[in-house]
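Chain A is the first sequence line, chain B the second, and so forth, proteins listed ahead of strands; every chain is numbered from 1.
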There are 2 protein chains.
Amino acid sequence: MTGHAAKRPSTAYDVARAAGVSQSTVSRAFTPGASISPQTLEKVVSAAKSLGYQPNLIARTLITRRSNIIGLALAHMDNEFYAMLLNALNDELAPLGRRLLLFSGDPRGESDPMLSEILKYQVDAIILASTTLSSSLAEDCRAAGIPIILINRASAAKGVSTITGDNIVGACMIADFLMRGGHRQLAVVAGLENSSTSREREEAFIRQVVSAGHSRPYRAVGHYQADATRAAVRQLLAGPNAPDGIFCANDFMAFVAIEVARYEFGLDVGRDISIIGFDNVQSAASPCWALTTFSQPVRAMAQAASMLIQSGEEIELHQRVPGELIVRGSARIPTS
Amino acid sequence: MTGHAAKRPSTAYDVARAAGVSQSTVSRAFTPGASISPQTLEKVVSAAKSLGYQPNLIARTLITRRSNIIGLALAHMDNEFYAMLLNALNDELAPLGRRLLLFSGDPRGESDPMLSEILKYQVDAIILASTTLSSSLAEDCRAAGIPIILINRASAAKGVSTITGDNIVGACMIADFLMRGGHRQLAVVAGLENSSTSREREEAFIRQVVSAGHSRPYRAVGHYQADATRAAVRQLLAGPNAPDGIFCANDFMAFVAIEVARYEFGLDVGRDISIIGFDNVQSAASPCWALTTFSQPVRAMAQAASMLIQSGEEIELHQRVPGELIVRGSARIPTS
DNA sequence: ATGAAAGCGCTAACAT
DNA sequence: ATGTTAGCGCTTTCAT
């Protein structure tokens, strides 16, 4: 269109000729710790500048076997939590010169076909968030010496590190908060059945309530999806002995629950009914939701991931990042 | 820790030996259209499988000069619109075998130092969303034959393509809608001063209102930020002749405006005051906001970007993706 | 249809 | 401190 032929970018060799040095000297000029005299460095740099030379990271990767690329697999980004996590991860990794290569994919089941793609890119590490890890991928990565970090998921696989929020402590604190608030009947809305995170939160909650002598909470499943959650909450609230306290396994579902309670059932959320979430996403603070929730600090999780990546390959660490109960208006506040 | 030495992945050469063929035959076996007999293909494939061979895309990139990686630069992801855009882009590109490499960065000013990094990765194209394009980067890319696609931004630079929503039509429709709703005094909350998108929306709105003979709208600046927007809206509403109709340059700021109007000034949004946004992000549909807004269809924008990338390098296209006025409850509905 | 050989742009010994 | 040499793992002529 412009008739402007794409002239290929200049190489280290071009720079070498222009500066009257060898090609390896050019390489050294762009290697931080290399031994090179100030004058030749200067010569090379100015030659490079005038040629518009940029070191080719692909070629560098081929030989150093370090791409500085981190593969990030996410299922669905409609959940605000993952948008925040993505941001935090990037903020943590970018200053270290590492970039995120996105493998966001079909939310259904094992997204493995896509994940095997990751390996082909010589990524330095793989971060899996909201994705189930197939044992075959885990094995492949281990063989290739690529560290795998699971965020918000557990895994039995050898060699994979995990970073999770404090699901059990959080769920128990929420249960206590709800019980001290004097509710008649509680309920829990689970996320995905096969998600370790959702299961931990749900089971801890139920255990805590039951062991305190309260009646067993109702249970519904929202699949972390708006429609399913809406249906689940409707059914819960339409029942004969509707719950007056609901714990949703994440904030996203809690927002939906609030909508249903407030706009479909005309309930005053925080008085007639208490609704609590998990994650403490940004929107939770909006006066519109004023969601009481348990925080999962993405910043801290991203830092943990970053440290794991920095500290070399052969570690397997399981880190629980602590959170705290964030009390707002969506749940009755115990008087005591 | 595991004591398990990272054995390097097997190469095409390994497979060649195992299958008793030449290395180039292995290459052909993994090249879709290559001429290879069914039997040798079979031999190679099974050898590859048993060795766990994966073609090294980095090496391939070095020679083909196509990485199948698209660089994506975003400023801030806290804006739901960009999360949606990221999703849409990925959904569109992933089936084509193209991955997004993220360059999300400091929101302040020209994020250029980071962007020059992009070139080093041999990306096939660069998508810039919510980022100002420096002319030097534009020039570098043009020289290297790398297509640049701006989403939601205009640019005078030669050779860059742009994809934008219908800012002017949208702003005019919003102005009309507000005027037909019979408001006394209108106001507009602009985003960033130097954002072409915000300027287009703001100017078209003001022009439309003024040319209809209405009194000139007030103007405030929210910088696409929560705090600044909150302050701006407060000032607007605290004034002597407060506006009863506000157009915010995006949904994100409109949400903040609703919060301030409703929770700080006790206004009934949709009756006492009308608030309209731009983008139609998912949350806008929530009954909590019920935001009247003008849609910017991310799906269509992503498709446009994808087509631009597919169709080769040398095009410069300026595409406006049409949107529509989405009427909900946050603004008075004209009776006529 | 297959193999041999060259080389993509770079880093990393090894010399000097 | 600098140059020489040998690859990294692959695609691509060019032969056969």
*Asks:* Measure from the side-chain N and O atoms of A:Ser198 to the backbone N and O of A:Ser195, and report whether any donor-acceptor pair falls under 3.5 Å.
*Replies:*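 Flag not set: sc A:Ser198 to bb A:Ser195 has no pair under 3.5 Å.
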*Asks:* Please give me the minimum heavy-atom distance between B:Asn90 and B:Pro95, naming the atom from each residue.
*Replies:*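 Of all heavy-atom pairs spanning B:Asn90 and B:Pro95, the closest is O-CD, 4.1 Å.
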*Asks:* Of the nucleotides C:dT2, D:dC8, D:dT2, which one has an atom closest to the side chain of A:Thr40?
*Replies:*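 Nucleotide nearest to A:Thr40's side chain: D:dT2.
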*Asks:* Between the protein and nucleotides 10-13 of chain D, list the N/O to N/O atom pairs that are separated by less than 3.5 angstrom.
*Replies:*
unit_1: D:dC10; atom_1: OP1; unit_2: B:Tyr53; atom_2: OH; d: 2.8
unit_1: D:dC10; atom_1: OP1; unit_2: B:Asn56; atom_2: N; d: 3.0
unit_1: D:dC10; atom_1: OP2; unit_2: B:Ala12; atom_2: N; d: 2.4
unit_1: D:dT11; atom_1: OP1; unit_2: B:Arg60; atom_2: NE; d: 2.7
unit_1: D:dT11; atom_1: OP1; unit_2: B:Arg60; atom_2: NH2; d: 3.0
unit_1: D:dT11; atom_1: OP2; unit_2: B:Ser27; atom_2: OG; d: 2.6
unit_1: D:dT11; atom_1: O4; unit_2: B:Gln23; atom_2: OE1; d: 3.2

*Asks:* To the nearest Å, give me how far apart CZ (B:Arg66) and P (C:dG9) are.
*Replies:*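 Roughly 17 Å, once rounded to whole Å.
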*Asks:* Which value, rounded to the nearest 0.5 Å, describes the distance between B:Leu96 atom CG and B:Ser306 atom OG?
*Replies:*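 Here the interatomic distance stands at 5.0 Å.
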*Asks:* Start at the 5' end of DNA chain C and walk down; is the nucleotide closest to B:Leu62 or to B:Thr25 reached first?
*Replies:*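 Of the two residues, B:Thr25 wins.
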*Asks:* How many Å lie between NZ on B:Lys43 and P on C:dG3, as a whole number?
*Replies:*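 Distance check: B:Lys43 NZ to C:dG3 P gives 8 Å.
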*Asks:* Please round to the nearest 0.5 Å and tell me the distance separating atom CG of B:Leu72 and atom OH of B:Tyr82.
*Replies:*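 OH of B:Tyr82 is found 11.0 Å from CG of B:Leu72.
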*Asks:* Once salt bridge (charged side-chain N to carboxylate O under 4.0 Å, His left out) is applied, do any residues pair with B:Arg65, and if so which ones, sequence neighbours excluded?
*Replies:*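 None.
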*Asks:* Between B:Thr162 and B:Thr164, do the side chains contain a donor N or O and an acceptor N or O under 3.5 Å apart?
*Replies:*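 No donor-acceptor contact under 3.5 Å links the two side chains.
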*Asks:* Which is true for A:Ser37 with a 4.0 Å heavy-atom rule: it touches a base, it touches only sugar-phosphate, or it touches nothing?
*Replies:*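 Contact class for A:Ser37: sugar-phosphate only.
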*Asks:* Do NZ/NE/NH1/NH2 and the carboxylate oxygens of A:Arg98 and A:Glu92 come within less than 4.0 Å?
*Replies:*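 The answer is no: the pair does not qualify as a salt bridge.
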*Asks:* Could you state the CD-C1' distance from A:Glu42 to D:dA1, rounded to the nearest angstrom?
*Replies:*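 For the pair A:Glu42 CD and D:dA1 C1', the rounded distance is 17 Å.
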*Asks:* Would you kindly give the CD1-to-P distance between B:Ile58 and C:dG7, to the nearest whole Å?
*Replies:*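 It works out to 23 Å between those atoms.
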*Asks:* Considering heavy-atom distances to DNA chain C, does B:Leu41 or B:Arg65 have its closest nucleotide positioned more toward the 5' end?
*Replies:*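 The 5'-side residue here is B:Leu41.
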*Asks:* D:dG9 C1' sits how many Å from B:Leu51 CG, rounded?
*Replies:*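 Checked: the CG to C1' distance equals 15 Å.
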*Asks:* Fill in the dot-bracket string of DNA chain C, one character per base: . for unpaired, | for a pair to another strand, ( ) or [ ] for pairs within the strand, taking Watson-Crick or G-U pairs under 3.5 Å.
*Replies:* ||||||||||||||||
*Asks:* Is there a donor-acceptor pair under 3.5 Å between the side chain of B:Thr197 and the backbone N or O of B:Asn152?
*Replies:*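 Here the side-chain-to-backbone pair exists.
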*Asks:* Are the side chain of B:Thr31 and the backbone of B:Gly33 linked by a donor-acceptor contact shorter than 3.5 Å?
*Replies:*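 Absent.
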